[in-house]
Amino acid sequence: MPIGPDSFPWIALCFLGGLLLTGLFLIRTGRRGKRLDDHPVCRKCAFDLVGSAGIGGSAGDEILACPECGFRGLPRIGNRRRSPGRVAVGTGLLVVMVLAGGALAYTRLDATTVMHLKPLPLVRWEARAGGPDVAERALTELIRRYHCGRLAGPYIDAVLDDAVTHGPPGNPAAAAAAWGGKWDELAAELFKAGHGSPAQREAVARSWLITSVEVRPAVRMGEGVPARVRDNAAGPPHRFGFYEELGKPVVRFGEHEYRMGISSGGGLSGSRGGGGGGSGWTGSTIRSGYGLPKGLGVGKHEFVMEVTRRVFDGHGGTLIAEWTETHPASFEYVPPDGDPVMMRRDDEAGRRLEAAVEWRDHQIEAASYGSHASLDIGLVTAPIAYRLVLRRGEQRWEYTTISTSSTGGSHGFGLGGELPDALEDGAVVDVVFEPDADVARGTTDLTEILDHRFVVEGVRIVRP
């Protein structure tokens with residue numbers, strides 16, 4: 001059964017230490033032997049020097065020349081007889097100690113317990129240079145020692161430097177591996193306690209939020225330019241209570257400057273190693289006179305978007321880090337009849353999509369802001385852009401739009417739109433999915449969509 005640092009078998013350790021000391025004592029005394037007389041004896045060859053001539057020295061400290069080997073020096077007093085039995089017993093005790101210690105370690109100590117016993121410099125080194133399993137155990141141990149008060153002073157700054165250099169901010173291997181999340185947890189623990197320089201905090205927080213700006217590549221002359229800010233979150237677990245905030249982006253087009261009306265915030269929680277980190281985006285349209293100078297002609301136009309990001313400790317409201325990123329972007333104005341959105345026929349993809357649509361609760365519920373409904377679409381194998389129309393008999397009402405690129409995965413849509421007064425509580429309608437190029441043109445990335453019209457029948461209207 002594995003043991004923790006507070007339940008270490010100290011009695012067994014003392015017993016093994018006693019065996020070690022006893023064995024070493026018996027071997028030493030057995031090899032030295034028992035003194036038999038007080039004769040002077042050569043220290044080199046053990047020749048009995050009784051009767052040998054001295055070559056100098058004071059009284060009682062005579063230096064003798066060994067007639068056997070020629071060694072000149074102070075003799076050792078007394079002939080001795082070694083004890084092979086003591087040496088054998090001492091050696092046996094050492095063997096027993098090694099076997100017993102090995103058996104104890106094999107049955108009682110696991111890798112985590114061994115990590116508890118390692119000195120701090122060795123734990124730090126393994127966190128930086130160990131393999132995935134070793135690094136993860138070492139980082140877990142550093143977090144444990146911090147909670148126990150055994151990681152303090154200059155070691156905290158050193159560990160945060162490690163987090164910047166060897167963790168996800170400076171090490172692609174850590175950013176792409178699950179053990180990189182342990183670096184995130186360690187840094188989050190220290191940041192929440194007020195540790196870390198502004199540079200360390202910013203470097204780590206930047207690795208938690210990977211921000212990108214997307215702009216529609218081609219837009220009809222005179223139309224607005226769809227743009228959005230996307231982030232892929234990878235950071236400390238939700239229990240730390242960190243959240244991120246997107247300030248209103250600034251569009252800079254030469255001397256022209258415009259602060260967009262989009263901003264957002266939310267909990268910051270992700271994971272490393274492809275473990276499904278959170279992602280989100282917020283978008284708006286940049287229009288001539290509002291972000292873009294008037295009078296732009298056909299052709300490619302470049303601008304930059306400044307994005308301010310902030311990370312807070314949600315429990316205390318403390319600002320952890322704030323920074324501004326500059327993202328270059330461009331788009332092309334095409335003639336008013338340009339920017340075609342290709343409509344692609346794919347009957348098999350259309351059938352799969354139609355079969356995968358699941359209208360949650362099969363109802364649309366009226367709300368104070370309009371209405372609400374949830375739509376799950378699985379197995380999206382083609383980019384789609386649809387305008388949803390409510391139909392009852394010959395009557396038709398536009399409801400809302402949905403669009404997404406092809407990912408091969410599942411998508412959920414929270415749908416909202418105005419419900420006509422003519423649809424009373426309990427009314428049943430059909431929802432018509434009509435492919436619409438205009439919906440695609442309102443996105444940043446859809447230039448080709450699936451041309452497949454279908455109907456979901458029997459959706460009920462609920463007015464609470």
Side-chain angles (χ1 to χ4, degrees), residues 2-131 133-134 137-138 141 145 150 154-155 158:
I3 57 178
D6 298 329
S7 59
F8 192 84
W10 298 111
I11 295 178
L13 183 62
C14 292
F15 174 73
L16 295 176
L19 289 180
L20 173 64
L21 294 177
T22 303
L24 293 176
F25 174 78
L26 290 175
I27 291 174
R28 175 176 173 77
T29 56
R31 286 176 57 84
R32 189 162 182 245
K34 180 180 179 181
R35 196 169 78 172
L36 303 176
D37 50 42
D38 57 358
H39 293 182
V41 179
C42 176
R43 289 183 179 274
K44 184 176 182 180
C45 67
F47 183 76
D48 193 324
L49 298 176
V50 171
S52 300
I55 60 173
S58 59
D61 191 24
E62 187 176 19
I63 298 176
L64 302 179
C66 178
E68 183 70 18
C69 67
F71 175 76
R72 300 186 181 195
L74 290 174
R76 177 169 54 82
I77 303 302
N79 286 287
R80 290 180 177 274
R81 183 174 61 202
R82 292 185 174 181
S83 175
R86 278 179 171 248
V87 174
V89 172
T91 303
L93 290 178
L94 292 182
V95 171
V96 171
M97 185 275 299
V98 171
L99 294 177
L104 177 65
Y106 181 79
T107 57
R108 298 293 302 278
L109 300 179
D110 61 2
T112 300
T113 304
V114 172
M115 188 67 72
H116 292 331
L117 306 176
K118 293 179 179 179
L120 185 55
L122 178 58
V123 178
R124 274 190 62 207
W125 180 81
E126 290 186 342
R128 299 192 304 262
D133 293 339
V134 173
R137 284 195 297 269
E141 175 63 14
R145 293 192 187 191
R150 296 170 58 193
Y155 265 112

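Any value given below was found using the heavy atoms of this structure, including those in side chains, with hydrogens, waters and symmetry copies removed.
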First locate atom [atom1] of [X], then atom [atom2] of [Y], and finally report the distance between them rounded to the nearest 0.5 Å.
X	Y	atom1	atom2	value
T91	R86	OG1	CZ	13.0 Å
M97	L21	CE	CG	9.5 Å
L20	L94	CG	CG	6.0 Å
I27	S83	CD1	OG	12.0 Å

N/O donor-acceptor pair under 3.5 Å between [X] side chain and [Y] backbone:
X	Y	result
N79	D37	no
R145	H116	yes
R76	A46	no

Closest non-hydrogen atom pair, [X] against [Y]:
X	Y	value
A138	M115	N-CE, 3.7 Å
H39	D48	ND1-OD2, 2.8 Å
P40	V50	CD-CG2, 3.9 Å

Inset, instruction - Evaluate the side-chain proximity of P67 to F47: yes if any heavy-atom separation is below 4.5 Å, no if none is. - result: yes

Legend entry - L120 and R150: CA distance, side-chain angles, deciding distance, side-chain contact (heavy atoms from CB on, under 4.5 Å) verdict: CA-CA 9 Å; L120 185 55; R150 296 170 58 193; over 6 Å; no

Inset, instruction - Run the salt-bridge test on K118 and E126 with the 4.0 Å N-O cut-off and return the result as yes or no. - result: yes

Legend entry - Short N-O contact, E141 and R137, less than 4.0 angstrom: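 A salt bridge is absent here (no side-chain N lies under 4.0 Å from a carboxylate O).
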
